[in-house]
Amino acid sequence: MSHALRITVPLLLILYGIASVGGLKVPFRPKDILPALPRQVAWPLLNSFHNAVDLLPLFVGAPGVNNSADWKGACFYKNDAWMEFTTSNGSELGGGVLHIKTSKAHSWTCMDLYVFVTPYRVTWDYYFISRDHTLKIEEWEGAEELEYVKKNGMSIFLMPSGMLGTLLALWDILPLFSNTGWGQSANIAFLKKHMQASFEHRPKPWVSNINQSDIHSGDFLAISKIRGRWGGFETLEKWVTGAYAGHTAVCLRDAEGKLWVGESGHENEKGEDVIAVIPWEEWLDEQQKDVSNPHVALLPLHSDLRAKFNATAAWAYVLDMSGKPYGYHNMIFSWIDTLTDNYPPPLDSHLVHLVSLQLQMTTSIPHHEGFELCCLCHDNME
């Protein structure tokens with residue numbers, strides 16, 4: 001380490017300690033000026049302050065007709081907001097002005113970044129100066145949005161890590177979707193950090209030879225990917241659900257004893273994700289050719305449950321569901337088991353509620369949902 005670095009790092013730590021003393025306003029804080037420092041100093045410290053979860057916004061309030069909001073921001077420690085409904089723009093529904101008053105900044109160089117959400121719009125802004133700010137809505141999207149805001153308010157979400165921290169968190173998220181060794185390491189590190197998951201290297205051979213005669217109707221397949229596009233998605237899915245598998249399927253035999261795999265989200269010849277029943281050999285070949293190296297665990301039903309499993313009814317049900325749309329809405333929201341609790345922090349019910357409304361406004365809900373849940377019902381396994 002150079003002489004300059006030996007001086008800079010302890011100085012930053014001292015300044016960080018001084019700035020942490022309650023209520024003391026300083027000209028700057030280390031996190032505010034780190035980007036201006038040499039890369040070998042800035043990046044290790046920035047990475048210690050921020051991680052991928054910092055990309056999630058924090059709900060702070062929802063000002064509407066009869067309610068205002070106040071909160072402590074990441075930069076400005078006192079903030080007040082209220083909504084003004086306007087009718088002077090010539091629109092039948094009118095518009096609105098969201099007023100936000102910021103004050104008591106903790107330093108002269110910080111800023112707060114916000115996202116403003118209704119089920120019909122998402123916008124953002126940032127504030128650098130202590131004063132009254134306004135967010136103008138020229139016209140509501142329709143009577144439904146106006147009524148929603150009057151009743152529920154416009155939701156305000158703070159990006160708790162500010163502009164820089166949010167960009168760093170995005171940089172931390174991007175590797176999760178890379179189909180490389182770098183991406184795999186990023187996914188493993190994320191799951192270790194946020195789920196305390198443990199990973200052990202398996203001795204070779206990594207592919208097991210499975211005798212088809214040992215597989216029975218109702219046996220469960222748990223699939224996990226930790227690299228590539230779906231690997232990144234599954235990592236985030238595991239984090240919010242607490243599960244250690246990102247995809248599931250079920251084994252079934254037909255009347256002639258042939259082995260099949262039933263699963264949701266299988267792409268058909270039109271590029272649509274549908275519920276499908278696939279011959280075992282074809283399904284296994286797809287997994288082995290998958291460039292994201294899926295981890296597949298075969299979990300047999302407990303012998304007591306196998307004796308009760310109605311294979312004839314299950315086969316008839318799967319044939320009836322085959323080719324129908326995959327229930328994305330069912331999959332996305334099936335992990336929500338309470339209205340306000342049991343979310344992995346900093347995720348909360350306000351953010352989930354707005355995301356669910358956005359999805360309902362922008363996509364159509366299929367009539368046939370639930371095959372993924374059907375696969376998840378096998379809880380008692382050996």
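Owing to the predicted nature of the structure, the values given are computational and were not obtained by experimental measurement.
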Original post:
Stepwise, does the side-chain contact (heavy atoms from CB on, under 4.5 Å) test hold for Ile137 with Met154?
Top reply: CA-CA 11 Å; Ile137 299 163; Met154 172 172 278; 3.3 Å; yes

Margin query: Run Asp254 and Trp260 through side chain to side chain donor-acceptor pair (under 3.5 Å) and show every step you take.
Written below: CA-CA 8 Å; Asp254 60 20; Trp260 299 75; 3.1 Å; yes

Q: Evaluate the side-chain contact (heavy atoms from CB on, under 4.5 Å) criterion for residues Leu191 and Thr235: first the C-alpha distance (whole Å), next the side-chain angles of each, then the deciding distance (0.1 Å), finally the verdict.
A: CA-CA 7 Å; Leu191 293 171; Thr235 289; 3.9 Å; yes

Check your understanding: Between Gln212 and Trp280, is a side-chain contact (heavy atoms from CB on, under 4.5 Å) present by the stated rule, with each step listed?
Key -> CA-CA 9 Å; Gln212 285 194 37; Trp280 165 261; 3.4 Å; yes

Q.
Show, in sequence, the C-alpha distance, side-chain angles and deciding distance for His295 and Ile226, and conclude whether the side-chain contact (heavy atoms from CB on, under 4.5 Å) test is met.
A. CA-CA 8 Å; His295 297 221; Ile226 52 174; 4.0 Å; yes

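In summary, Asp304 and Arg306 do not engage in a salt bridge, as defined by a charged side-chain N under 4.0 Å from a carboxylate O. We find that Lys78 and Asp70 are not joined by a salt bridge, their nearest charged nitrogen and carboxylate oxygen being 4.0 Å or further apart.
Heavy-atom minimum distance, Trp182 versus Ser178: CE3-OG, 4.0 Å. In terms of heavy-atom proximity, Ile275 sits nearest to Ser264 at CG1-OG, 4.1 Å. In plain terms, the two heavy atoms of Ala197 and Lys192 that are nearest each other are O-CG, 3.2 Å. Ile223 and Pro294 get closest at one heavy-atom pair: CG2-CB, 4.0 Å. Heavy-atom minimum distance, Ala243 versus Lys238: O-CB, 3.2 Å. Shortest non-hydrogen contact noted between Ala81 and Pro63 is O-CB, 3.9 Å.
With hydrogens and angles ignored, the 3.5 Å screen pairs no side-chain donor or acceptor of Thr102 with any backbone N or O of Tyr127.
Side-chain N/O atoms of Ser130 and Lys101 include no donor and acceptor closer than 3.5 Å. Side chains of Glu263 and His247: a donor-acceptor N/O pair is present below 3.5 angstrom, by distance only.
Rounded to the nearest 0.5 Å, atoms CZ (Arg253) and CG (Asp219) are 9.0 Å apart. One finds the CG atom of Leu158 at 11.5 Å from the NZ atom of Lys72 (value rounded to the nearest 0.5 Å). Going from atom CG of Leu284 over to atom CG of Leu298 covers 10.5 Å, rounded to the nearest 0.5 Å. How far OH of Tyr244 is from OG of Ser224: 11.0 Å, rounded to the nearest 0.5 Å. Taking NE2 of His133 as the reference point, atom CG of Asp112 lies at 9.0 Å (rounded to 0.5 Å). Atom CD of Glu141 and atom CG of Leu93 lie 10.5 Å apart (nearest 0.5 Å).
Side-chain contact check for Leu259 versus Pro279: every heavy-atom pair is 4.5 Å or farther apart. Taking 4.5 Å as the limit, some side-chain heavy atom of Val318 sits within range of a side-chain heavy atom of Leu252. Side-chain contact between Phe85 and Trp140 is present, with at least one heavy-atom pair separated by less than 4.5 Å. Side-chain atoms of Pro300 and His216, non-hydrogen and from C-beta on, never get closer than 4.5 Å to each other. Side-chain contact check for Phe309 versus Ser217: some heavy-atom pair is nearer than 4.5 Å. Using a 4.5 Å cut-off on side-chain heavy atoms (C-beta onward), Trp82 and Asn67 make no contact. In this structure the side chain of Phe116 reaches within 4.5 angstrom of the side chain of Leu98, judged on heavy atoms. Thr134 is not listed as a side-chain neighbour of Ile100, based on a closest heavy-atom distance of 4.5 Å or more.
Across Asp290, Asn187, Asn293, a single residue satisfies side-chain hydrogen bond (donor to acceptor under 3.5 Å, both in side chains) together with Lys225, and that is Asp290.
Grouping the Ile, Leu, Val, Met, Phe, Trp and Tyr side chains by contacts below 4.5 angstrom, directly or via other members, places Val122 with Leu113. Placement of Val60 and Met83 within a single hydrophobic cluster is found when ILVMFWY residues are connected by side-chain heavy-atom separations under 4.5 Å, directly or transitively. One hydrophobic cluster holds both Trp124 and Met111 under the rule that ILVMFWY side chains link at heavy-atom gaps under 4.5 Å. Placement of Val97 and Ile156 in two distinct hydrophobic clusters is found when ILVMFWY residues are connected by side-chain heavy-atom separations under 4.5 Å, directly or transitively. Under the 4.5 Å side-chain heavy-atom criterion for ILVMFWY residues, no single connected hydrophobic cluster contains both Leu301 and Ile210.
Ring geometry for Trp230 against Phe233 counts as perpendicular: the plane angle is over 60°, on a 0 to 90° scale with 30° as the lower cut. Aromatic ring pairs are classed by plane angle as parallel below 30°, tilted from 30° to 60° and perpendicular above 60°; the pair His106 and Tyr77 is tilted.
When ring centroids are compared, Trp71 and Tyr114 come within the 6.0 Å threshold.
Taking a 6.0 Å sphere around CG of Asn211, one finds it holds more than 12 heavy atoms contributed by other residues, nucleotides or ligands.
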